[in-house]
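Each chain gets a letter, A, B and so on, in the order the sequences are listed, and its residues count up from 1.
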2 protein chains.
Amino acid sequence: MLPFDVSEYQGRIKQTRTLMEKEGIDLLLITDPANMNYLSGYDAWSFYVHQMLIIDIHDSQPVWVGRFMDAPAAKVTTWMHEANIIGYPDIYVHSDLLHPMAFIAEVLRKRGNQASRIGVEMDHYYFSAKAFEELKKALPDARFQSADLLVNRVRMVKSDQELEYMKKAGKLAELAMFNGVQTIRTGNRECDAAAMIYYHMIAGTKEWGGDYPAIVPLLPTGENTSIPHLTWTDRKFQEGEAVIVELAGCCKRYHVPLARTIAIGPPSQDLLRISSIATEGINRVLDEIKPGMTCGDVEAVWRMSLQKHGIAKESRLGYSVGLNYPPDWGEHTASIRKGDQTVLQPNMTFHIIPGLWFERSGVEISETIRVTETGCETLANYSRELIINSPYVIEEHGEIS
Amino acid sequence: MLPFDVSEYQGRIKQTRTLMEKEGIDLLLITDPANMNYLSGYDAWSFYVHQMLIIDIHDSQPVWVGRFMDAPAAKVTTWMHEANIIGYPDIYVHSDLLHPMAFIAEVLRKRGNQASRIGVEMDHYYFSAKAFEELKKALPDARFQSADLLVNRVRMVKSDQELEYMKKAGKLAELAMFNGVQTIRTGNRECDAAAMIYYHMIAGTKEWGGDYPAIVPLLPTGENTSIPHLTWTDRKFQEGEAVIVELAGCCKRYHVPLARTIAIGPPSQDLLRISSIATEGINRVLDEIKPGMTCGDVEAVWRMSLQKHGIAKESRLGYSVGLNYPPDWGEHTASIRKGDQTVLQPNMTFHIIPGLWFERSGVEISETIRVTETGCETLANYSRELIINSPYVIEEHGEIS
């Protein structure tokens with residue numbers, strides 16, 4: 001079931017250990033499921049309980065510790081030796097009395113790591129305040145330090161195989177967008193569009209299917225197009241409304257996000273104006289991106305393009321994207337915003353999302369791109385204009401089997 | 001857009017403040033998105049950035065603090081006064097330099113809470129180790145204490161309106177299961193089944209659509225039925241295989257999980273045996289459940305039923321369920337397992353999941369139930385036997401517009 005050659009995982013471990021050495025870390029405790037997957041292949045919906053991948057500066061293999069019922073998932077989805085897979089008893093799950101980190105601390109103690117310099121992912125969802133307290137309590141002689149984003153930084157430049165998965169994810173994003181857009185017409189409901197998007201995002205093509213994306217499709221509608229992170233309701237679409245669709249295709253946990261804006265019937269002058277400003281801005285940005293620029297430089301192109309129209313935008317223009325699990329497909333490393341000094345390199349991948357949100361309207365037209373040797377290329381191919389739908393349902397939907 | 005009367009939210013706040021007083025907490029910082037929703041109505045996919053609901057023992061209204069671009073979502077989805085909705089600038093998002101908790105600490109300081117007794121959800125996904133460190137650093141005179149599961153405990157007994165949403169979610173679970181099961185035949189792929197499940201779970205009925213569930217459909221297949229938390233791949237189903245489907249219908253963020261096991265073609269003797277043991281066990285448990293029993297008592301019924309067959313099961317039999325967000329639909333309060341002293345009360349809701357997992361096979365047949373005045377009732381109605389599918393595709397699938 002491994003999506004990459006073992007040698008690719010080994011190379012990632014090697015790069016991680018090099019960074020650990022630089023940071024003075026003996027032992028790295030990975031709780032970010034994307035980082036766990038990246039280094040070991042581990043892939044299961046088990047991150048709602050505490051689990052961890054341990055990287056020892058002296059070992060070429062990680063150690064997995066998690067709930068006993070997920071240990072078989074570690075056996076079938078990773079390249080690790082079975083001896084390195086350790087399950088904790090079920091009584092540790094969601095218990096007032098026992099915490100999985102106490103069990104894990106005991107594992108570390110048995111390995112002789114009670115006084116190690118230990119790196120932890122301090123600001124990750126799946127490393128709670130309590131998890132850290134429990135570890136510190138059980139290992140009072142260990143020296144803990146932040147290893148936030150250490151592995152995430154290794155993830156930024158993608159390999160050929162990773163890019164192949166992202167291209168497949170791009171195709172899934174196109175399919176989901178195309179079929180979802182068809183349902184955005186008077187009389188259909190927001191949930192009908194979301195259902196159709198999901199269907200195509202996952203059934204995919206005859207050659208490959210899709211994974212679940214780390215964020216669900218976002219579908220702000222009407223005045224709520226000013227509110228980017230709303231999902232969907234069972235309200236019916238109305239003629240004259242705008243709808244934003246932000247979704248991602250996902251292949252082997254690699255994401256290609258794509259956002260478009262749809263007008264149901266003839267668009268308002270306001271929507272035409274702001275969508276053309278967004279399109280002009282992203283076109284300019286895509287024309288200019290090349291290796292050697294900083295993320296801050298890229299944002300400046302967008303900011304200048306907006307300034308011509310008298311608009312200032314507070315939110316960042318984009319972020320590094322790729323492998324991930326809920327609740328976010330962003331890698332949390334580089335952001336395309338003023339002051340970000342990250343230098344673009346070939347095979348970095350970004351979601352460029354020039355969203356413009358005003359009091360009662362908004363527009364999003366985004367692309368996921370790969371930085372090439374000389375510029376950039378988009379990973380999904382989809383017309384970049386405002387989409388204008390006939391308001392009438394032109395074919396039968398919602399009557400699947 | 002509010003799914004409940006304002007008075008229902010006010011009652012929840014009142015119960016929460018009563019518990020705060022009992023625990024000696026002046027100020028409760030809520031980071032669990034389900035608890036945020038429960039108390040305020042807040043509903044958006046924004047929990048991938050730091051955000052918070054502040055409950056003051058002296059105020060009847062909460063305060064929302066989050067990313068500036070999500071403040072409009074707080075305005076449209078909650079019952080709160082606009083003055084209580086505070087956004088932090090985008091530069092705090094995924095930044096090495098600035099942490100949202102520093103901003104939030106400043107909000108607390110301005111409110112005069114710098115020396116308050118502050119309750120925090122120590123073991124929640126969306127309260128990271130770093131978040132706690134930043135708060136402590138910025139508010140050295142505050143006295144922090146754990147308020148883990150304080151609001152979750154208020155959530156355990158459901159109101160009539162909550163149960164109405166759960167009954168609708170139950171109907172969505174039935175629809176998704178029925179249509180998903182139809183696709184589990186030789187030649188179709190796991191992703192085709194997942195896509196069909198998603199379609200029906202979200203498009204729902206003509207009267208109501210569905211929300212995204214907090215856990216994606218789980219589809220362990222063949223030998224992997226021994227591994228409960230695998231999702232799906234694009235591998236084709238084979239005749240003779242077993243498939244476990246675990247999914248949930250979700251309405252207004254309320255979940256009704258449902259698991260069934262499907263044989264593709266005639267089932268093996270082993271599968272017939274373990275599925276009948278599971279069915280017998282859950283039937284017995286559902287017959288016995290009534291208010292006044294403890295969760296431990298309920299588990300004992302299941303354990304005795306298994307013992308007759310010489311089987312011991314380590315994992316818990318179930319857990320409290322209802323309102324939630326990814327990554328889990330469980331409420332993390334009561335678990336149906338040995339020693340859990342939670343006393344069943346009418347209108348508590350549980351997912352009872354007698355999973356049996358062996359070396360190379362497994363079975364899951366689950367029900368979500370409401371405790372009634374005299375017993376219990378299931379919230380989805382679906383035949384509880386092993387499902388035996390003809391291996392051949394009997395209708396056209398996967399060709400949806």
Side-chain angles (χ1 to χ4, degrees), chain A residues 44-48 68-70 72-73 76 89-90 93-94 120 122-132 179 182 189 191-192 194-195 198-199 202-204 208-210 212 215-216 218 224 226-231 234 314-316 319 326-328 330 332 335 357 395 397-398 400-401, chain B residues 44-48 68-70 72-73 76 89-90 93-94 120 122-132 179 182 189 191-192 194-195 198-199 202-204 208-210 212 215-216 218 224 226-231 234 314-316 319 326-328 330 332 335 357 395 397-398 400-401:
Chain A
W45 190 288
S46 58
F47 39 87
Y48 70 93
F68 85 102
M69 74 161 67
D70 299 317
V76 302
D90 212 57
V93 173
H94 302 157
V120 288
M122 286 294 290
D123 209 15
H124 197 271
Y125 313 108
Y126 302 118
F127 190 63
S128 69
K130 174 98 175 248
F132 189 38
N179 287 283
Q182 296 310 314
R189 302 166 301 173
C191 61
D192 297 324
Y198 258 118
Y199 183 87
I202 292 171
W208 63 88
Y212 59 89
I215 304 180
V216 299
L218 301 170
N224 288 339
S226 61
I227 310 177
H229 297 125
L230 295 182
T231 52
D234 45 19
E314 177 178 343
S315 52
R316 61 185 177 171
Y319 45 81
D328 195 10
H332 296 195
S335 285
W357 299 288
E395 37 190 328
H397 289 288
I400 294 168
S401 69
Chain B
W45 190 288
S46 58
F47 39 86
Y48 71 93
F68 85 103
M69 71 161 69
D70 299 317
V76 303
D90 213 58
V93 173
H94 301 155
V120 288
M122 286 293 291
D123 208 15
H124 198 270
Y125 314 108
Y126 302 118
F127 190 63
S128 69
K130 175 98 175 248
F132 189 38
N179 288 284
Q182 296 311 313
R189 301 165 303 174
C191 61
D192 297 323
Y198 257 118
Y199 183 86
I202 292 171
W208 63 88
Y212 59 89
I215 303 180
V216 298
L218 301 170
N224 288 339
S226 60
I227 310 176
H229 298 125
L230 294 182
T231 53
D234 45 20
E314 177 178 342
S315 53
R316 60 183 179 174
Y319 45 81
D328 197 8
H332 296 196
S335 284
W357 299 288
E395 37 190 329
H397 289 287
I400 295 167
S401 61

Any idea which of A:Trp357, A:Phe47, A:Tyr126 has the most non-hydrogen atom pairs under 4.5 angstrom with chain B? A:Tyr126
Heavy-atom distance under 4.5 Å between the side chains of B:His229 and A:Met69, does that happen here? yes
Strictly by modelled atom types, are B:Ser128 and A:Asp123 linked by a side-chain donor-acceptor pair under 3.5 Å? yes
If you count heavy-atom pairs within less than 4.5 Å of chain B, which of A:Gly209, A:Ser335, A:Pro327 leads? A:Pro327
Got a second to check how far B:Asp328's CG is from B:His124's NE2, nearest 0.5 Å? 8.5 Å
Evaluate the side-chain proximity of B:Trp208 to A:Cys191: yes if any heavy-atom separation is below 4.5 Å, no if none is. no
For chain A, find which of B:Val93, B:Leu230, B:Leu218 contributes the most heavy-atom pairs closer than 4.5 angstrom. B:Val93
Pick from A:Ser46, A:Pro326, A:Pro72 with the largest number of heavy-atom pairs that fall under 4.5 Å of chain B: A:Pro72
Contact winner vs chain B - A:Asp70, A:Thr231, A:Asp234, A:Val216, heavy-atom pairs under 4.5 Å: A:Val216
Hey, which of B:Val120, B:Ile215, B:Val76, B:Asn224 has the most heavy atom pairs under 4.5 Å with chain A? B:Ile215
Name the orientation class of the two ring planes belonging to B:His94 and B:Tyr48 (parallel below 30°, tilted from 30 to 60°, perpendicular beyond 60°). tilted
Less than 4.5 Å to any heavy atom of chain A: does that hold for the side chain of B:Tyr319, its backbone, both, or neither? neither
Give, as side chain, backbone, both or neither, the part of B:Arg316 having an atom under 4.5 angstrom from any heavy atom of chain A. both
Smallest heavy-atom separation, A:Ala195 atom then B:Ile202 atom, equals N-CG2, 3.7 Å
Under a 4.5 Å heavy-atom cutoff, which of B:Pro228, B:Ala131, B:Ala194 has the most pairs with chain A? B:Pro228
Between A:Tyr199 and B:Tyr198, is the ring centre distance below 6.0 Å? no
Between A:Gly210, A:Gly330, A:Ser226, which residue shows the highest count of heavy-atom pairs closer than 4.5 Å to chain B? A:Gly210
